[in-house]
Amino acid sequence: MFSKEIADFKRLGVRHYLSQGLKVATIFSTALMMWKGLSVVTNTESPIVVVLSESMEPAIQRGDLLFLSMPTKAPLKIGDITVYKVPGAPIPIVHRVIETHDVPDSIEQFILTKGDNNPSDDVGLYNGVRHLKRTHIVGKVQGYIPYVGYVTILMNDYPKAKVILLGGAGLLAMLFS
């Protein structure tokens, strides 16, 4: 049944498979370096995020891939779409700035946000804080690609799909390189 595959395995030897493993490790380390480099250039820990809910519809849809940057000196303005992370909340939230309070002689701001599709502001999401600080903001949305993030949503909603997709991609990389 698998006699041909076993014979191929014996013929190629361990050195070939170690070489393939090294190639896969190189691909993963390159992706990590690119991510970290993009983080430095955009001044944010997460330069790319996927929208997981419908709270920003119709402006941003579930499954959209967002590109973020964090301006170092420019203040956030009313109407900016931001991604923020509240301490104790595991997932960042994508919402629009509806109110700002600037601290004189500082870049510090107090920010209130709201999802476009939500009836009220986000104070209930802030875990007891009345306004967000700039330190809570992960980044400001600079652009997006519609629906590309559904692959990520699929892998989170169906863990078996993640194993199949990543395992299949790894297998194809090893077979065809």
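- In this structure, Y126 and T113 have side chains that are in contact, with non-hydrogen atoms separated by less than 4.5 Å.
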Please step through side-chain contact (heavy atoms from CB on, under 4.5 Å) for the pair E108 and R134, ending with a clear verdict.
CA-CA 6 Å; E108 187 60 50; R134 271 184 77 98; 4.2 Å; yes
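- Under the ring pair (Phe, Tyr, Trp, His ring centres under 6.0 Å) criterion, H131 pairs with H101, not counting sequence neighbours.
- Note that CG of N43 is 11.5 Å distant from CG of L38, once rounded to the nearest 0.5 Å.
- Hydrophobic clustering places I111 together with V123 (ILVMFWY residues linked when any side-chain heavy atoms are closer than 4.5 Å, directly or through intermediates).
- Heavy atoms only, all atoms of each residue included: K85 and P90 are closest at CE-O, 4.1 Å.
- Through direct or relayed side-chain contacts under 4.5 Å between Ile, Leu, Val, Met, Phe, Trp and Tyr, V163 connects to no other residue.
- Atom-to-atom distance recorded for I145:CD1 and L65:CG is 5.5 Å, nearest 0.5 angstrom.
- Side chain of T30 to main chain of T26: a donor-acceptor pair is present (N/O by atom type, distance under 3.5 Å, no hydrogens or angles).
- Linking Ile, Leu, Val, Met, Phe, Trp and Tyr whenever their side-chain heavy atoms come within less than 4.5 Å leaves M155 and L52 in two separate clusters.
- Linking Ile, Leu, Val, Met, Phe, Trp and Tyr residues whenever their side-chain heavy atoms come within less than 4.5 Å leaves Y150 and I164 in two separate clusters.
- Counting only residues at least two apart or in different chains, side chain to side chain donor-acceptor pair (under 3.5 Å) contacts with residues 156-168 are absent.
- Counting only heavy atoms from C-beta outward, the side chains of L132 and V86 approach each other to under 4.5 Å.
- Remark: L166 CG to L171 CG distance equals 12.5 Å, nearest 0.5 Å.
- By the criterion of side-chain heavy atoms lying less than 4.5 angstrom apart, applied directly or through intervening Ile, Leu, Val, Met, Phe, Trp or Tyr residues, V97 is grouped together with L125 in one hydrophobic cluster.
- Not a single donor-acceptor pair under 3.5 Å links the side chain of D116 to the backbone N or O of R96.
- Tracing side-chain contacts under 4.5 Å through hydrophobic residues (I, L, V, M, F, W, Y), one never reaches I48 starting from I60; they form parts of separate clusters.
- Other residues, nucleotides and ligands contribute at most 12 non-hydrogen atoms within 6.0 Å of the OH atom of Y144.
- Side chains of L165 and V151 form a contact here, defined as non-hydrogen atoms less than 4.5 Å apart.
- Applying the ring pair (Phe, Tyr, Trp, His ring centres under 6.0 Å) test to pairs two or more places apart or on separate chains, none has a residue in residues 32-54.
- The shortest side-chain heavy-atom distance between Y84 and D122 falls under the 4.5 Å cut-off.
- In this structure, H136 and P87 have side chains that are in contact, with non-hydrogen atoms separated by less than 4.5 Å.
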Result block: side-chain N/O donor-acceptor pairs under 3.5 angstrom for residues 66-83, not counting sequence neighbours:
{"residue": "S69", "atom": "OG", "partner": "Q142", "partner atom": "NE2", "Å": "3.0"}
{"residue": "D80", "atom": "OD2", "partner": "K77", "partner atom": "N", "Å": "2.8"}
{"residue": "T82", "atom": "OG1", "partner": "H95", "partner atom": "O", "Å": "3.2"}

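- Remark: the backbone N or O of V51 is not paired with any side-chain donor or acceptor of D64 at under 3.5 angstrom.
- Between E99 and F110, every side-chain heavy-atom pair lies at or beyond the 4.5 Å cut-off.
- We find the CG-CD distance between N117 and Q61 to be 9.5 Å, quoted to the nearest 0.5 Å.
- Minimum heavy-atom separation, Y147 to R62: CD2-O, 4.4 Å.
- A89 approaches N127 most closely through the heavy-atom pair N-ND2, 4.4 Å.
- One finds the OG atom of S53 at 7.5 Å from the CG atom of N118 (value rounded to the nearest 0.5 Å).
- For residues 25-46, the set of pairs meeting the salt bridge (charged side-chain N to carboxylate O under 4.0 Å, His left out) definition, not counting sequence neighbours, is empty.
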